[in-house]
*Asks:* 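First the structure, which I've put down as structure tokens, then a few questions once you've had a look.
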Amino acid sequence: MTFAAHLEASSKGTGKATDPDFQDLNPTITYRHLYAQNLGVRDPLRVIALCDSDAFYAACEMVRLNTDKDTPLVVLQWDSLIAVNYPARKYGITRLKRYNFKELKLKHPDLMVVHVATYKEGEKEPGYWDDVDTKTHKVSLDYYRRESLKIAAMFKECLPGVEIEKASIDEAFFDVSKRVREIILERYPYLAQVPLDAPNGIDTPLPPPPPIPQSEVGYIIPINPCEEPKAEGVQADEPAVEGSSSAKQEGGSVFEDENQEENMPATWHDVALSIGAELIGKARQHVHETLGYSTSAGVAVNKFLAKLTASYKKPNSQSILRNSAIPNYLRPLAFRKIRFLGGKLGSAIAEEFKASTVGDLLSITLEDMQRKFGEDSIWIYEVLRGIDRSEVKEKKSTLNKSMLASKNLPTPITNASEGYNWIRVLAAELALRLNEARETCPNLWPKTIVLHARQGYSGLRSKQAPFPFTREVTVDAIAAAGDKLWKELVGIDLAMKVTSVQLAFTGIEGAEVGQRSIEGFFKAGQSGKRQRDDDEDDRDEFGRAFVDDGIADEGNDIATTSDTILAQGNTPAVSFVCPRCGKRISCHSQTMPSADQEDQLAAFRLEHDDFHFAQDLAKESTGGLVISGPSKGTPVGAVKGHMGPSNTSPKKKKRRKERPAMGIEKFFKKS
DNA sequence: CAATGCAAA
DNA sequence: GGTTTGCATTG
């Protein structure tokens, strides 16, 4: 085939992309695109997947109790259902309704009803008790968190070279573009070189994709959704009682489309999506086989569409949304189903434009949208047209930045001692969770502790305080800090009854999981960074000599020490000088044991190290622009906003500029 | 940094 | 609906 013919084909043969509402869904893909490594969100071969666990909490309990896969099971939290597995949905059980335990058992003798694990007053660890009472117990989701971590780790292992962003306890986004690109080049080696007769060299469009049938990669959403304008399953909570979705389980290998040509890849991006789906499908299968969790996935060109696609068919299946199918898929969709449009913003938009579907909003111009909802609502405009430039950003560690233990009090408490009692329970949970996290990441500590409380009908109010670093984080220490906050927040006079108490750690930082331990860290700190090469006379900027304190191990000329200086009164200090910037960082405290000070210093050092790392990254992407001077407290986040070219996410709505006179009030009112 | 609010699962 | 989490905004 001549290239003139290719060009002809790529401009004319894809008539579907001419829909004026949906442009850019079928960009020409050239050899340059195929070879490029850093196209990021502009990659025309981008493949993103979202994978979520089916009825996750219920699945966890099934694994824990080793039930048969067909056992109907529900998870209870007090009197409400928080998870219903698919076999149980066949009974018409949904999460929304309220049930009581005995009622359920009577109606369905074979139904397993499990109450979530709870902390009991006084008990050190959560457990599955049969006498749960919201007055004395507190829910524990620890088991689910751990299982979630296992699944994430397995996905990571199965998918080398894939960016993974854990989006919640049961969901993750995958950017498989890189790996897919490699596979395309392996499978279609004739693409590895630009043909000699290519008219535009590397900017020549690729030849047409091979007409291989894509069969085992998942359900391909048709371009023309025949007699089913609304995709079933877009509603997350829809009970699977109808034959519709239960009849076609294992959708991965079943096609209802009689038109086989529909399933032929029409573009190289379609091929890429199929390869991405293969990768995800294999990983999902491995997770299913080894951990026992079934999942559903969506594969599409961006995060928002992947997320939407994942709910097309559940459970235990995956779907692919090709670009050509986007317009017809989106138009009838209730736009409130779109991520970040499900809340107040979504209802404000619905009201403003008297709209409910994506199609209803396509007639709204960008200008109108921005006039009503601020400059940044270009994000909304684009998302309605299938465009989403947000990146899949892998978190550095799987550790969360905050840890919250909370308890709602159906029977409000009226005296301080009850308050302290609950704080102890919450503190016990936090202690357990933090210390567990420290098993894999020893130098981990929360910068602050926060207490929230709701009194009467007012909203949540909060008080926070710095949380000191200690080697052992004890229940007592946390509870003491919590009690102090309680006094500031609610005082001793409980005229207003307390209906909710939450205790949280925030600003949790430390090394990465299983990466650098404290010892390893000192080694890592010097490797790769020259500077202090031959300077054996270790002196800081004040000329004080460093003393080896035994922490840094043999042959290690690291600038860390427990020198005692008397800079601040009589405060003993532990300090080090950064070999890169010469800054001295020290830790002083009258009360802290010196071992703890050293640990804290190690953490400071790590943080400082991270700062340099972040700064190096920033230099790469800003052409050497230094963002700010290094300091003890500068977190990795300093680089935020400089990382990607266009990481447009819904984040903030309106800013700086004058707020539009109209529309804003109702946006902030509750619906 | 402290406090509050929004959104999501 | 209850229990988390993360993020943005405002002071």
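Residue numbers begin at 1 in each chain, while the letters A, B, ... track the order of the sequences. The figures here come from the full heavy-atom set of this structure, side chains too, leaving out hydrogens, waters and symmetry mates. In this text, all values refer to a predicted model and were calculated from it rather than measured experimentally.
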*Asks:* Could I get the full list of salt bridge (Lys or Arg N to Asp or Glu O under 4.0 Å) partners for A/E163, not counting sequence neighbours?
*Replies:*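 Salt bridge (Lys or Arg N to Asp or Glu O under 4.0 Å) list for A/E163, sorted by chain: empty.
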*Asks:* Who are the side chain to side chain contact (heavy atoms under 4.5 Å, CB included) partners of A/P466, not counting sequence neighbours?
*Replies:*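 If we apply the side chain to side chain contact (heavy atoms under 4.5 Å, CB included) test to A/P466, skipping adjacent residues, there are no hits.
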*Asks:* When you measure from the side chain of A/L141, which nucleotide among C/dT4, C/dG1, B/dA9 comes out closest?
*Replies:*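 So the side chain of A/L141 is nearest to C/dT4.
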*Asks:* Would you tabulate the side-chain donor-acceptor contacts of residues 426-438 of chain A under 3.5 Å, counting partners in other chains and residues two or more places apart, or write 'none'?
*Replies:*
residue: A/E429; atom: OE1; partner: A/K138; partner atom: NZ; Å: 2.9
residue: A/E429; atom: OE2; partner: A/R433; partner atom: NH1; Å: 2.9
residue: A/R433; atom: NH1; partner: A/L404; partner atom: O; Å: 3.1
residue: A/N435; atom: ND2; partner: A/A431; partner atom: O; Å: 3.0
residue: A/N435; atom: ND2; partner: A/V473; partner atom: O; Å: 3.0
residue: A/E436; atom: OE1; partner: A/R146; partner atom: NH1; Å: 2.8
residue: A/E436; atom: OE2; partner: A/R146; partner atom: NH1; Å: 3.4
residue: A/R438; atom: NE; partner: A/L444; partner atom: O; Å: 2.7
residue: A/R438; atom: NH1; partner: A/T470; partner atom: O; Å: 3.0
residue: A/R438; atom: NH1; partner: A/R471; partner atom: O; Å: 2.8
residue: A/R438; atom: NH2; partner: A/L444; partner atom: O; Å: 2.7
residue: A/R438; atom: NH2; partner: A/T470; partner atom: O; Å: 3.3

*Asks:* Checking A/R454 now: which residues fulfil salt bridge (Lys or Arg N to Asp or Glu O under 4.0 Å) with it, not counting sequence neighbours?
*Replies:*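 Testing A/R454 for salt bridge (Lys or Arg N to Asp or Glu O under 4.0 Å), a comparison that skips the adjacent residues, returns none.
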*Asks:* Expressed as a whole number of angstroms, how long is the span from A/N400:CG to B/dA9:P?
*Replies:*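 Roughly 16 Å, once rounded to whole Å.
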*Asks:* Heavy-atom nearest nucleotide on DNA chain C for A/I82 versus A/S402: which residue maps closer to 5'?
*Replies:*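 The answer here is A/I82.
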*Asks:* Heavy atoms from C-beta onward define the side chain here; which of B/dA3, C/dT4, C/dC7 lies closest to that of A/K393?
*Replies:*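 Nucleotide nearest to A/K393's side chain: C/dC7.
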*Asks:* What integer distance in Å separates A/L432:CG from C/dT4:P?
*Replies:* 13 Å
*Asks:* Short question: side chain of A/H288, backbone of A/R284 - any donor-acceptor pair under 3.5 Å?
*Replies:* no
*Asks:* Report which part of the nucleic acid A/L341 touches: base, sugar-phosphate, or nothing (heavy-atom distance under 4.0 Å, all strands).
*Replies:*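 Sugar-phosphate, backbone atoms only, no base.
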*Asks:* Below 4.0 angstrom from OP1 or OP2 of C/dG2, is there any side-chain N or O of A/R95?
*Replies:* no
*Asks:* Pairs in or reaching into residues 56-65 of chain A: which pass side-chain hydrogen bond (donor to acceptor under 3.5 Å, both in side chains), with residues at least two apart or in two chains?
*Replies:*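 Output for this query lists A/E61-A/R64, A/E61-A/Y128, A/E61-A/Y144, A/R64-A/Y128.
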*Asks:* Checking all strands, does A/G342 fall into the base, sugar-phosphate, or nothing category for heavy-atom contacts under 4.0 angstrom?
*Replies:* sugar-phosphate
*Asks:* For the pair made of NZ in A/K166 and C1' in B/dA8, what is the distance, rounded to whole Å?
*Replies:*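 My rounded result for the distance is 14 Å.
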*Asks:* Contact list please: residues 291-300 of chain A against DNA chain C, heavy atoms, distance less than 4.0 Å, in numerical order.
*Replies:* none
*Asks:* So what does A/K307 hit on the nucleic acid, given a heavy-atom distance under 4.0 Å: a base, only sugar-phosphate, or nothing?
*Replies:*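 Sugar-phosphate, backbone atoms only, no base.
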*Asks:* Pick the nucleotide of DNA chain C nearest each of A/E429 and A/K401; which residue has the one closer to the 5' end?
*Replies:*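 The 5'-side residue here is A/E429.
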